[in-house]
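Working notes, beginning with the structure itself.
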Amino acid sequence: MSAAARAIAAHGLTRRAFSLGAVKAFDQALQFLLPVVLVRCLDAATFGEYRLLWLAVGTVLTLACLGMPQALYYFVPRAERAERRAYVHQTFLYLGVAGLAAAAAVSPLNPWLPPTLAPLAKYGGLVPAFVVLWVTATLLDMLPTVEERIRLQAFATISTGLARTLLLAAGAWLTGDLAVMLWLLLAVVLFKLALLVGYIGRFHGWGRPWLEPARLAGQLRYAAPFGVSGTLYSLRGQADQWVAASLFALHSFAAFSIAALVGQVVQIFRTSVLEAFFPSMSRMEAAGDMRAAMEMNARANEMVGWALYPFLAFAFAFAEDLVSLVYTRAYVDAAPVMRVYIVGMLILVVELSSVMYLLRQGLFNALLNATLLGVSVAVSWTGGAHLGLAGAAAGSVAALVLDRLIILNRISRLTGVPVARLQRWGRLATLALAAAAAAALAWALVGAWLPGRGPLVRLLAGAALIALPYLAATWRRRA
């Protein structure tokens with residue numbers, strides 16, 4: 001591609017990334033606001049069970065998928081129509097079988113069910129029924145994006161997000177019963193599955209081939225190392241929540257899990273940009289231009305940093321007000337935990353998984369994440385036992401720091417590009433410092449001018465006082 005063509009392509013990808021980001025931000029805003037209702041309608045123990053349910057679902061989803069949906073980013077952009085159909089059908093079938101295995105794992109009939117999940121056993125078959133459908137329908141979360149149908153992805157994400165939020169909020173408000181909410185979740189996931197079936201039928205059809213053993217084997221060979229690596233990476237992030245669920249009461253675990261929600265906001269920025277850029281990066285790598293793919297990764301990370309750093313600085317400075325407003329002061333213990341997580345989120349701006357995918361470093365990632373999972377559990381358990389809730393969050397942060405240092409050096413050795421040139425480090429540092437300075441100024445001014453005001457007033461003032469100087473300092477230099 002010429003320089004002009006690359007500039008036009010990058011501009012289009014930027015628009016696509018922000019479109020995906022807006023959709024995901026809307027969906028996440030719904031999920032972020034849902035606890036505003038839940039904490040006011042459910043008692044602390046029931047809300048703890050609700051958070052435990054999603055921890056269990058997130059863990060089995062991580063274990064079940066094995067990177068198969070994500071592998072479509074590699075196979076679909078470079079495949080012909082018949083091949084694309086085979087890859088999509090095989091992934092759908094795989095998720096259905098994996099969902100059945102995941103459902104058996106969380107079933108109350110499982111004799112090896114972890115004691116931590118005992119509070120969910122009283123809901124019988126509702127939890128495993130939801131799990132099998134949720135795992136199968138998760139393909140809808142990325143398939144339209146893989147095929148660069150952003151409007152359809154937006155429709156699927158927004159419609160299912162609205163259905164989930166409105167139904168759960170109504171169920172909690174009217175009954176305060178988690179069993180009723182589980183029935184409503186089943187209705188939502190059936191709707192999501194129907195959308196997925198309709199999408200595949202419209203763009204791929206349900207005719208043969210359904211399963212091509214040789215192609216499936218190739219897909220699994222590619223996906224499995226990255227799937228194991230991604231599973232171990234996700235478990236690193238969930239390990240501290242399992243530690244908190246094991247060490248503390250349900251109410252304390254609920255506060256701890258609330259603090260971890262800041263990571264979901266970070267994922268909006270990271271995954272939106274990654275999903276928009278990754279198909280083009282894959283085509284560049286296939287054409288032998290790995291340096292251009294790496295430059296696109298650096299550009300994407302700078303975009304994420306520009307949008308993410310002021311949010312993280314705001315959440316760090318006003319953590320108590322944020323928790324009090326959204327979740328009530330009954331869960332204010334989440335504020336110190338949130339600050340610990342934010343330190344780790346600063347590092348996550350540097351997204352490197354896409355580069356490791358293109359370099360086919362799945363086995364290396366798997367070994368690294370297995371090692372760091374052990375580090376994360378050990379640090380979280382020690383911190384939780386001696387320092388309380390905030391200490392239990394230290395494991396994932398320690399693992400993140402080690403992860404980025406090791407992977408950056410690995411990429412540098414494989415590509416011959418010095419670490420200093422792998423990312424736009426100077427720009428990232430400037431953005432981070434500008435956000436930190438704006439947050440410090442806002443925190444000081446709000447503390448001096450509005451010491452006795454409610455959390456909403458303080459948050460609105462703090463957001464404005466951060467946004468204005470940050471935008472003034474960074475807008476003209478924005479990539």
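Here the structure is a predicted model, which is why all the values come from computation and not from measurement.
- Aromatic ring centres of F75 and Y87 lie closer together than 6.0 Å.
- Judged by distance alone, with hydrogens and angles left aside, the side-chain atoms of S380 form no donor-acceptor pair with the main-chain N or O of V243 at under 3.5 Å.
- Under 3.5 Å, the side chains of W242 and T116 contain no donor-acceptor pair of N or O atoms.
- In this structure, a donor-acceptor pair under 3.5 Å is absent between the side chains of N301 and E351.
- The cationic atom of R410 (NZ for Lys, CZ for Arg) lies less than 6.0 Å from the six-membered ring centre of F364 and within 45° of the ring axis.
- Going from atom CD1 of I342 over to atom CZ of F311 covers 7.0 Å, rounded to the nearest 0.5 Å.
- R427 places no side-chain N or O within donor-acceptor distance of the main-chain N or O of E302, the cut-off being under 3.5 Å.
- To the nearest 0.5 Å, the span separating CD1 on I406 from CG on L368 amounts to 5.0 Å.
- Between the side chains of T145 and Q153, at least one donor N or O sits under 3.5 Å from an acceptor N or O.
- With hydrogens and angles ignored, the 3.5 Å screen pairs a side-chain donor or acceptor of W425 with a backbone N or O of V419.
- Heavy-atom contacts from other residues, nucleotides or ligands closer than 6.0 Å to CZ of R40 number more than 12.
- Here the CG atom belonging to L352 is positioned 6.0 Å from the CG atom belonging to N297, to the nearest 0.5 angstrom.
- Under a cutoff of 6.0 Å and an axis angle of 45°, R424 and W306 do not form a cation-pi pair.
- There is a side-chain donor-acceptor pair under 3.5 Å between T91 and Q219.
- Classification of the F47-Y50 ring pair by plane angle, with boundaries at 30° and 60°, yields parallel.
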